[in-house]
Amino acid sequence: MEQIHWVRHRWQQLVAAESGRGRYSAPDTVPTKSSPKLHNAQRLTGKRRTVIARHGPHQHEYDSVSKGCQGNGIRTTKYSLLSFIPMNLFQQFHRVANLYFLFLVMLNWVPVVEAFQKEITMIPLVVVLIVIAIKDALEDYRRYRFDQKVNNNVATVYSGKQQTYVDQRWQDVRVGDFVRLSCNEIIPADMLLLYSSDLHGVCYIETANLDGETNLKQRQVVRDLPQGSELTPENFHSRIECENPNNDLSRFRGYMEHPSNARVGLHHDNLLLRSCTIRNTETIIGIVVYAGHETKAMKNNSGPRYKRSKLERRMNMDILWSVVLLVIMCLTSAIGHGLWLRNLEGASFLIPDTTSPALSGFYLFWTMIIVLQVLIPVSLYVSIEIVKLGQIFFIQNDVDFYNEYLDSRIQCRALNITEDLGQIQYVFSDKTGTLTENKMVFRRCTIAGVEYPHEENARRLEVYKPEEDEAMGRSHTLKSRASAKSLSCKSLSCNRSSVSLHTLTGHSEEEGEETSSPTLPRHSAFSSPMEKDVVPDPLLVQKLNCLSSPLFLLTDASMELTYIVDFFMALAICNTVVVSSPNQPRHVVSSTPLKSLEDIKMLFQRFSLPRFSTLSPPHTTDSTRSFTGRLFARGKPEGEHGSWKGEEDKIVQLNPGAWSGLENSNGAQDPPGELGADELIYEAESPDEAALVHAARAYHCTLRGHSLERLLVELPGMGSLAVRLLHILPFDSTRKRMSVVVRHPLTKQVVVYTKGADSVIMDLAESPKGAEQSESRQGHIKEQTQKHLDNYAREGLRTLCIAKRVQTSTEYEVWLKRHAFAETSIENREELLLESAQRLETNLTLLGATGIVDRLQEEVPETIEALQRAGVKVWVLTGDKQETAINIACACKLLRSTDQLLTANCGSKVNACKALLLALRAEMECGEAAEGTSGFTLVVDGRTLEFALQEDLKGDFLELSRCCRAVICCRSTPLQKSQVVRLVQDQLQVMTLAIGDGANDVSMIQVADVGIGISGQEGMQAVMSSDFAISRFKHLRKLLLVHGHWCYTRLANMILYFFYKNVMYVNLLFWYQFFCGFSGSVMTNSWVLIFFNLLFTSAPPLLYGILDKDVSAETLIKLPELYKSGQNSKAYLASTFWLTMLDAIYQSLVCFFVPYFAYAGSDADMLSFGSPINASSLLIILLHQVIESRTLTWLHVLVLVGSALFYFSFTLVFSVVCVTCSPPTNPLGVDKLQMSQPLFYGVCALTTVLALLPRFLFQALHNSICPSDTVTAALMDQLNPDDYCRRMQRWNQTQAQSKTRSLVINVEDSDIKVPDPDFRLPSELKECSAAAGSLLS
């Protein structure tokens, strides 16, 4: 039976190839495998992979062929039980700080330089290593549990021994295995699709687990494989040659070689990727080509991103200064020790020693390195990691970042650059989907040079309420009854595709329950009521009514109607939309679209020639040509050069009821939120596609079915027509268009329908020839369409042009041969397919254009205004037209009415571009701005940007743009976006942030210092490449102004505090050396010395870095100017660092010499002298943090008091219990005795007050005489609400008055002051200001 299907399938292919009508017909001239031409063309460059069936006829070769292929088990853990300790230690000792302290531990084992007990010196390093190891172990165990869960999933795999499909764990699947999956099951490995239960060899998958997109993707069985009966693995004789594993999700190259030596090309539409879910298909069978870590999903799993922040780079420099300070102190001690020994030569109390003073000084240098080791803050690195984790925790749990509609919150993917959020100076933003909703709604159109404004549709959009969209667009899901194995699809439950990432739609197992429970509607991407409910234009409805009217009189009008029908035909079929319904997975297109013979008879009666014979124009010579052929033939018949103007007035007026129901065909027949019996669900890959399909449906040009080879389209007055789909040329960023090649259902001609960017389609549209070019039809259409496109762009609409081309049989056959060769090629396949598509998409007939509105997101203008007030320069990098970008910039207040617009449009030549940039620069330098101008906004198109990014023009472009308040780059490519970000970042040495939502924004997101991805309508590519992911642009406001300010201020102050407390305490040991002969002795026991920074003073800085709040969130939002302190690094300047060091040195002097003079002349020993010094230093360090903190809560008090109590408890217990813990000294009873004397407490109190008094007075005087903005704002937080409002209004008035006195434009190092006269609206903004209101609605 299998052989019969195979023979029949091959015969059908041969017949199709002979007639030239097959979708995948091979060219006659394509050589066979033995031909050198094909062999050279299809040779894979580099290494490649050969895949054969594991249990097929070639299984004896399997081991040798599949050698080197990985299994399907995944392992994302770093360690195993045996390797954890050595590998973790190896990784931790990659840090320089850990190596430094390891060196000190080893140095302390040298007898001549030993400073402490060997065990004590190891304690700081061991504690740090253990803490980090525990953290790494917990993270690795979490990854281990996830790996086990994934690897133990079950799939149905063919067993060669049992000759049937059996359940196996995912980790047991191997390359070459046959896997059978059912609906709603997850794909376990990258598989080549060999069989589908669909009659047309189609499989639908959902890639939400891979890229976040919930719309269905269509995959197809490898061609030339028989369908109709399930694949038998034993009879699979073919061999697969494909490229090596890589991370490119959109590309797969290879071929399948049959026993007959025939080769079939393989592409990404044949590949099912791991982690995707089977939808709307009952059964599929595939062969595994990539498994485990070789799958594309695992190749793209890069995990969290790690960057080095600007603050960390500054901190590393200061640590080097600490090293220099340590060396100076150790050299001083070494020299002092040598001089002290030389002056005491022959002293009777010295032990005789042959070591020279110089050598003793050398030994003491290394001893002091050990004693003063605390100066290098090894615990600072661990503390920073803990603080950043705490900051990320509070950011992720901020309820203001939660999106209830999407059920998503902010994601922090980069764990170590939170403080960079508070230092951003430039923001580079995409437009579509970032500033706008990316919910494309059909607004208006132009067809054949006639504009249809759709005024009713415009009024609908103006009054549309976003909350209704959310309420009606919510998805409805059912709880899954899935077990360990994914749900098998044996009934209509597989017809519903789930939207939720973790929810599978279940169904009742009993038939009674299945029929009684109503079918729940589901939400698909880009299908909200706002997008679907298009109100038709009355004039266009009236013209389309002519298809149903027998009173069709004028040929010119029929030509216009041809354009209209072709226009809506292109909208309906030029896409990759998957059509489904609540009760059916999709509408399968049958080969007989008309229901009965009576329908066929009515169709021919409607369009037969005799009925319209009297209405034929005089120039028509083909008397046998039917009206149907003339109606749908190409829009420019041979020899026709009549005028096209005014033809819209030649349509005969018809009765209002000629086409009943169309006027109300806006999808409102069913109640809102409910799916009717005939409701269709369109699964589109982009919002543009969905908007156009819904617009065509509003005019009863409905796409009812979309399969691999046919389309089912319903046209007004003609019913359902089956359109044979020959080829799909998908959209790509190079061509900026997509095309479908179909055989027209009535004329049987091969027609190419194309839609794409107007800048491309207008150039590809055929140019009329002859003296009367301006009066020709196409000339008039192009002229009028271009005017309409310009108007659409000024209104902020996204524009697409629609065109077609009718090919003769000869032209199509020639193109088909070349295209088939390109499809079966492996080497340079992309280039060959691009060349083939460009060869087809020429000499197009322009049909019209569409205008699609994409509304601004909520609070975008407020967010941009706040960022600009915060001193952040906002650049918009978009691929849209210049007029559209200017209009959006005006609507979102990036472009203000008082700005002077500088436009840089240079058509060609670098010299002309350089002259233009210099002219604009000269205008700014001379202050030749329009009256009332508050700044400059530069607008650059893509061609000029290409020139400006060249090496010799970078400087001029940068100097011009840095003086502008905002820059808008139009028609920019993804590569240009990343180049602009890198140019500004590298040349100006500023902190940059890039934000976008699509795959075209990934490059600039990765280049910027901070990358923000928006989880919107275009999948998760931007999110997966970002450092932080948000759901709305408005969240950027609080993320930067509040959390960014807090994170930077907290971390900067904490780092300075660490340096302060370490220098302060180490200097106490250094001052003591002047009184002990620089011998390296210390006045405290070694245990307290080591634990002082490691335990007693470690917790307060952590709390300080996580919870300190200098200004409230409400004030930071209302006063964005406070953000500038982080941009200028005011909290952590070089001067701030050295002032902190000087303060630490002063406090150490007070802390040492007050007890010294207090105990002078007494019998206090060394440890008794050190006890009040240690206690005073602890109190000074803790209270110093109280002075520096802006927040003091019960938690702060608890930690501070707890640290002090911990120190005193430890020292008391240590002095009571320990007898020989710190040889040769004996601390027994020392601290107990000291704490029982009043002098101890008096010395501690006096020392603390004297040490902290200067800082306290300085803070008080500075905050009273010249307070900073943050201090003023913090004082405003303490006022009652009425006083707070008055102070806030006064603040804003002061800021506004300071801006209106003079407008300062920084050019290099000079300031140009421009007077601020009366306001005048720039002429460039007058046209776009009116449209801003509609976008803001």
Side-chain angles (χ1 to χ4, degrees), residues 442-458 534-549 552-572 630-637 640-654 658-659 662-663 692 695-696 698-701 715-717 753-755 758 761-762 765-766 768 773-795 797 799-804 844-853:
F442 182 84
R443 171 62 182 82
R444 60 201 307 175
C445 67
T446 173
I447 307 174
V450 181
E451 211 272 331
Y452 301 97
H454 291 73
E455 295 176 355
E456 287 293 334
N457 195 44
V534 178
V535 180
D537 186 84
L539 179 59
L540 193 52
V541 170
Q542 185 180 1
K543 293 180 179 180
L544 278 172
N545 278 334
C546 297
L547 289 176
S548 303
S549 173
F552 198 58
L553 301 178
L554 299 176
T555 303
D556 288 340
S558 69
M559 186 59 65
E560 183 188 15
L561 190 59
T562 302
Y563 276 81
I564 294 175
V565 175
D566 276 327
F567 179 84
F568 284 109
M569 175 79 81
L571 295 190
R630 288 191 292 107
L631 179 62
F632 292 97
R634 190 175 180 179
K636 192 183 74 172
E640 186 175 6
H641 299 285
S643 174
W644 184 250
K645 294 182 179 180
E647 290 184 2
E648 60 272 16
D649 299 326
K650 297 181 181 180
I651 298 293
V652 177
Q653 296 293 329
L654 300 174
W659 191 11
L662 181 58
E663 290 82 354
L692 296 181
Y699 289 93
H700 282 191
C701 298
L715 296 180
Y753 289 105
T754 303
K755 70 175 181 183
D758 55 287
I761 301 298
M762 296 298 285
E766 56 185 345
Q773 176 176 348
S774 60
E775 294 295 324
S776 66
R777 175 176 292 110
Q778 271 294 299
H780 176 73
I781 291 176
K782 290 185 65 175
E783 179 183 354
Q784 293 298 317
T785 302
Q786 186 61 54
K787 291 180 180 179
H788 299 152
L789 287 171
D790 295 339
N791 293 333
Y792 292 172
R794 280 190 286 270
E795 293 181 12
L797 303 181
T799 56
L800 282 175
C801 282
I802 312 297
K804 77 165 187 176
L844 300 176
T845 300
L846 182 63
L847 298 176
T850 61
I852 299 175
V853 64

Interatomic distance, Tyr563 atom OH to Lys804 atom NZ [nearest 0.5 angstrom]: 7.5 Å
Parallel, tilted or perpendicular: rings of Phe568 and Tyr699 (30°, 60°): tilted
Heavy-atom check, side chain of Ile852 versus side chain of Leu692, under 4.5 Å: yes
Cys445 backbone acceptor or donor facing Tyr792 side chain under 3.5 Å: yes
Rounded distance [0.5 Å steps], OG1 in Thr799 versus CG in Leu789: 5.5 Å
Non-hydrogen side-chain atoms of Leu846 and Gln778 separated by less than 4.5 Å: yes
Check: Arg444 and Leu797 side chains under 4.5 Å, non-hydrogen atoms: yes
Least distance between heavy atoms, Pro716 atom then Leu544 atom: CG-CD2, 4.5 Å
Non-hydrogen atoms of Val541 and Pro536 that approach each other most closely: CG2-CB, 3.5 Å
Beyond-backbone contact of Phe567 with Thr850, side-chain heavy atoms, under 4.5 angstrom: yes
NZ on Lys782 to SG on Cys801, rounded to 0.5 Å: 10.0 Å
Heavy-atom check, side chain of Gln784 versus side chain of Thr446, under 4.5 Å: no
Any Lys755 side-chain heavy atom under 4.5 Å of Tyr753 side chain: no
Thr845 side, atom OG1; Ile802 side, atom CD1 - distance, nearest 0.5 Å: 13.5 Å
Pairing residues for Arg443 by the salt bridge (Lys or Arg N to Asp or Glu O under 4.0 Å) criterion, not counting sequence neighbours: none
Min side-chain heavy-atom separation Asn791-Glu451 under 4.5 Å: no
Residue list, salt bridge (Lys or Arg N to Asp or Glu O under 4.0 Å) with Glu455, at least two apart or on another chain: none
Value rounded to 0.5 Å, distance of CD1 in Ile564 from CE in Met559: 12.5 Å
Test item: Lys543 and Ile447 side chains (from C-beta on) under 4.5 Å apart, heavy atoms: no
Sequence-distant partners of Asp758, salt bridge (Lys or Arg N to Asp or Glu O under 4.0 Å), two or more places apart: Lys881, Arg971
